[in-house]
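Here's the structure we're looking at; comments come further down.
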Amino acid sequence: MIVEIVKSLSEMNLLRFDWDAVAGVDPLTTVFLLWPWMRAWMEVAPDPVHVLAARPSKNSPFVAFWPITYRGADSRIRIDHVREIAMGGEPLADTTGFLLTPGYEQAALLAFADTLLHQLNWDRLNLKDVRDPRMNVLLPMLAEHEHDVHDDPGQCCPYVALPESWAEFEREQLSRAFRHSLRQKMKRSEKCCRLTTLADTEPHQQIEALISLALSRKRKEPDPHLYRQRAILDRCVSENLADIIVLRKNDEPIAGAAMLIDEKQSSMGCIVTGYDESHADESPGTVVMAHAIRRAIERGFKTFDFYRGDEAYKFRFGAQVRYNRNVRIARHGLGSTTRLTIDRLRHRLGA
């Protein structure tokens, strides 16, 4: 198995045909590994992007891909920067993984491991939010080389299984008290607000209204990645991979949500939300989330994914818990050990 390390966007553009082919046959493909999402992320990623692309021979199609990001100075000499490899899509992707053609999984992962060990300079693999059981194949290959491996639960990613109708969802997933409260809120909203969708509003307007609402939220720390989400949503909408709804009162946006559409996994997932806190007494965020779930049911999806975070409102909608996986692998050797030690000391001192 031959692995090519693709580093430029122009070279990555040449991968699309094979990328789509592999994504189409890999049963574990998620929306965050589909070309529209990943290609948009490649443009706005905060760190340099590489793609490990594997194929059986030089002239054959690629059969496996592993997008990664590279952090730190790519130098064996400098000791003041940890050289770190992270999963492609991180930190925006709520789940990460590989693209592997059935029948080539073992060979491709073995080739990826060999590339990591012998062609890339790194001190630490920091593989977050993995939801791909094939990581279990890769890890022993790396652990054989006496690396320190830490395998921990990642963030909670609640989801809810969807029935065939909204009425059934209300009856089976919502408590009696919340069901009654939600119906009242939605009735009040229907009288004074209107819900806009991509079918009746120009996509750019929907995206800008949602991002503005998300930015207006009072947080301990503002989300530094919202502008990146804007670019990703723009591409995903253009390729029918996203749905955006905005609740408007007197034509002013008061709440909104963006959902990614995962046809292969029969799932719709809420990736960005926002609401005007001056209208908090009307619970516009709750109303918009109910509309989002209802739209997923009406479109025949089997799952609504709330993605990362264990916020209480998700469980009021009947969510079940599910966890991603975080894997950290530290490399041995004098240079790597020195850089990692300096990095730990810097963090302890708050530098």
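All values reported here derive from a predicted model rather than from experimental measurement.
Of the inter-residue distances, the one linking Thr115 atom OG1 with Leu52 atom CG reads 6.0 Å to the nearest 0.5 angstrom. Here the straight-line distance linking atom OG of Ser181 with atom NZ of Lys185 works out to 3.5 Å at 0.5 Å rounding.
Leu162 and Ile261 fall within the same hydrophobic cluster, where Ile, Leu, Val, Met, Phe, Trp and Tyr residues are linked whenever their side-chain heavy atoms come under 4.5 Å apart, directly or through other members. In the hydrophobic clustering of this structure, Val287 groups with Val160; members are Ile, Leu, Val, Met, Phe, Trp, Tyr whose side-chain heavy atoms approach within less than 4.5 Å, directly or through other members. Linking ILVMFWY residues whenever their side-chain heavy atoms come closer than 4.5 Å, directly or via other members, leaves Trp35 and Leu28 in distinct clusters. Val149 and Val137 fall within a single hydrophobic cluster, where Ile, Leu, Val, Met, Phe, Trp and Tyr are joined by side-chain heavy atoms under 4.5 Å apart, directly or via other members. Hydrophobic clustering (side-chain heavy atoms under 4.5 Å, transitive across Ile, Leu, Val, Met, Phe, Trp, Tyr) keeps Met1 apart from Leu15.
Test Asp148, Asp152, Asn126 against Arg328 for side chain to side chain donor-acceptor pair (under 3.5 Å) and you get one pass: Asp152. The residue from Thr69, Leu127, Thr95, Ile68 that alone fulfils the side chain to side chain contact (heavy atoms under 4.5 Å, CB included) condition with Met87 is Leu127.
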Notebook entry, point to check: Does the pair Thr196 and Gln206 meet the rule for a side chain to side chain donor-acceptor pair (under 3.5 Å), with working shown?
Noted result: CA-CA 8 Å; Thr196 59; Gln206 287 287 90; 2.9 Å; yes
Check: Could you go step by step and tell me if Glu298 and Arg294 meet the salt bridge (charged side-chain N to carboxylate O under 4.0 Å, His left out) rule?
Finding: CA-CA 6 Å; Glu298 291 172 348; Arg294 188 168 188 167; 3.6 Å; yes
Check: After noting the C-alpha distance and the side-chain angles of Phe32 and Tyr307, does the key distance pass the ring-ring contact (aromatic ring centres under 6.0 Å, His included) rule?
Finding: CA-CA 12 Å; Phe32 297 104; Tyr307 295 133; 5.2 Å; yes
Checklist line | From CA spacing to verdict: salt bridge (charged side-chain N to carboxylate O under 4.0 Å, His left out), Arg248, Glu252 | finding: CA-CA 5 Å; Arg248 299 174 188 266; Glu252 290 297 320; over 6 Å; no
Next item on the list: Check the pair Glu84 / Arg124 against salt bridge (charged side-chain N to carboxylate O under 4.0 Å, His left out), numbers first and verdict last.
Entry: CA-CA 5 Å; Glu84 183 175 88; Arg124 179 171 61 208; 2.7 Å; yes
Next item on the list: Go through Glu190 and Arg183 one step at a time and tell me if the salt bridge (charged side-chain N to carboxylate O under 4.0 Å, His left out) criterion holds.
Entry: CA-CA 11 Å; Glu190 289 171 2; Arg183 286 174 177 172; over 6 Å; no
Next item on the list: For the pair His225 and Arg228, evaluate side chain to side chain donor-acceptor pair (under 3.5 Å) and give the outcome as yes or no after the intermediate values.
Entry: CA-CA 5 Å; His225 302 299; Arg228 295 187 176 101; 2.8 Å; yes
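Residues Met141 and Leu110 share a closest heavy-atom pair of SD-CA, 3.4 Å. Summarising the geometry of Pro91 relative to Arg308, their closest heavy-atom pair is O-NH2, 2.7 Å, with the distance given to 0.1 Å. Nearest heavy atoms, Pro253 versus Leu213: O-CD2, 3.6 Å. Between Lys314 and Gly309, the closest heavy-atom pair is NZ-O, 2.9 Å.
At distances below 3.5 Å, not a single donor-acceptor pair connects side-chain atoms of His180 with backbone N or O atoms of Arg176. Between the side chain of Ser60 and the main chain of Ser57, a donor-acceptor pair closer than 3.5 Å is present. Formation of a donor-acceptor pair under 3.5 Å by the Asp262 side chain with backbone atoms of Met268 is not found in this model. Of the possible donor and acceptor atoms, one in the side chain of Trp19 sits under 3.5 Å from a partner among the backbone N and O of Leu33. Looking at Thr101, its side chain never comes within 3.5 Å of a backbone N or O of Tyr104 through a donor-acceptor pair.
No salt bridge links Arg322 with Asp310; every basic N to acidic carboxylate O contact stays at or beyond 4.0 Å. A salt bridge links Arg134 to Asp26: one of the charged nitrogens lies within less than 4.0 Å of a carboxylate oxygen.
Residues Asp305 and Thr303 have side chains that never bring a donor and an acceptor to within less than 3.5 angstrom of each other. Side chains of Arg325 and Asn136: a donor-acceptor N/O pair is present below 3.5 angstrom, by distance only.
Using a 30° and 60° split on the angle between ring planes, Phe304 and Phe306 fall in the perpendicular class, above 60°. Under the 30°/60° scheme for interplanar angles, the aromatic rings of Phe317 and Phe169 are found to lie parallel.
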